[in-house]
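Working notes, structure below.
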Amino acid sequence: MAGLLSISEPNADSQTDTLNNQANTTNELLAMLATDAIKTDQNVTSKHSREQISQLFDLPLMDLLLQAQTIHRQHFKANEVQISTLLSIKTGNCPEDCGYCSQSGHHRDTTNLQAEKRIEVDKVIAAAKRAKASGSSRFCMGAAWKHPSAKDMPYVVELVKEVKALGLETCMTLGMLDTNQATQLADAGLDYYNHNLDTSRRYYEQVVSTRSYDERLDTINNVRNSGINVCSGNIVGMGESRDDRIDWVHELLKMPKAPESIPVNLLVPIKGTPIGDKVLAEGQLPVLEWIRTIAVARICCPTSYVRLSAGRESLSDSEQALAFMAGANSFFYGDKLLTTGNASQSGDDRLMRELGLTKQFAAPRAPRVLPVMDAMNGHQTQVVMAD
């Protein structure tokens, strides 16, 4: 026994030293986060280097969730969530080759998705009215385009104006935008434009080849410069590494301003898509890693909405509760997200009651350009509204 003790004691000391070193590193990081949380009038996002983002991912989960929730409460009302509804206004036959997406024309023979042309304006408005009646404050419209064409712009501008007239916030995802298209949408009063980075720059070529990473950033810059709020997130669980998730967060922080809305999607692997088939064969990302990603996004982008998007329908109530604890404060209502399933609204309502969550009211911004009539001469002019 003496021999066994003499062998085990150095190992125990070594383990203790290792644990102490890890604890010291954790305490230093937590102290930095506490300082950042106090300085709420400063741009906290600029303080996190890639190394610090990596350290956040490595925190014990309970410490990470505690810090994420603490920072969340510095900038948002506790237990309040923003609810959106998403409608596909044009489905399928997209020229992009995104490896996860059933709407890609490159995968239509294997996914057998039924393509649909643009939905009539009155049907979109009817869907928006139903969304508002159900309690959604934001109505999101997505079209499977590489970019909207010139003939598409009057259609989407009309949709923005009509949906805003209902008192809803508006969001669109239409592919790439040039400066003129972004300005047209801003003038119509669009509140948010979604254009996800999807993953890190390094892993991006494993996901899509028909659009470059820099082209995505160009669209985001055009949206930002037009005055529209940016909605840009990722999809975790596509086979990327944690380093790629770290790089994605770091990419957000390299922007002049972090996106106002950050969807953190958990891949819904679709049979017939290259990435979907790969994940179905090799196994999906653990849910806790997705929750870690949400928490790190919340800490690094404290004033952004962090949205639970795709993948939520497969989660248990407890897993969703952890996601809200991690700082998520936005999610989608409805049984379908574009072409993938979503949690049922009745289930969401029940879970919100059990968690004590309340819905945030809509706060759409005014159209940037409004017509003004001169009472003296009857001439009509336009004025630009301040955001």
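Starting from 1, each residue takes its place in the sequence as its number.
- Met153 and Val223 end up in the same hydrophobic cluster when Ile, Leu, Val, Met, Phe, Trp and Tyr side chains are linked at under 4.5 Å.
- Taken to the nearest 0.5 Å, the OG atom of Ser330 stands 7.5 Å off from the CG atom of Leu308.
- Within the structure, every pair that satisfies the salt bridge (Lys or Arg N to Asp or Glu O under 4.0 Å) test and touches residues 135-149, not counting sequence neighbours, is listed here: Glu96-Lys146, Arg138-Glu169.
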Show, in sequence, the C-alpha distance, side-chain angles and deciding distance for Thr199 and Ile235, and conclude whether the side chain to side chain contact (heavy atoms under 4.5 Å, CB included) test is met. CA-CA 7 Å; Thr199 188; Ile235 306 172; over 6 Å; no

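- A search for ring pair (Phe, Tyr, Trp, His ring centres under 6.0 Å) contacts involving Tyr305 returns Phe76, not counting sequence neighbours.
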Asn222 and Thr179: side-chain hydrogen bond (donor to acceptor under 3.5 Å, both in side chains), yes or no, with the steps? CA-CA 5 Å; Asn222 291 338; Thr179 55; 5.5 Å; no

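- Among Gln360, Gln82, Arg298, the one residue that satisfies the side-chain hydrogen bond (donor to acceptor under 3.5 Å, both in side chains) test with Asn329 is Arg298.
- Each of Asp244, Asp247, Asn234, Asp243 was compared with Ser200 under the side-chain hydrogen bond (donor to acceptor under 3.5 Å, both in side chains) criterion, and only Asp244 meets it.
- Asp152 pairs in a salt bridge (charged side-chain N to carboxylate O under 4.0 Å, His left out) with only one of the listed residues (Lys117, Lys90, Arg118), which is Arg118.
- Applying the 6.0 Å contact sphere to CD of Glu51 captures no more than 12 heavy atoms from other residues, nucleotides or ligands.
- Note that CD1 of Ile294 is 10.5 Å distant from CG of Leu288, once rounded to the nearest 0.5 Å.
- Residues Asp198 and Arg211 are not paired through a salt bridge, judged by the lack of any N-O separation under 4.0 Å between the basic side chain and the carboxylate.
- Other residues, nucleotides and ligands place no more than 12 heavy atoms under 6.0 Å from the NZ atom of Lys161.
- Around the CD atom of Glu205, the shell of radius 6.0 Å holds no more than 12 heavy atoms that belong to other residues, nucleotides or ligands.
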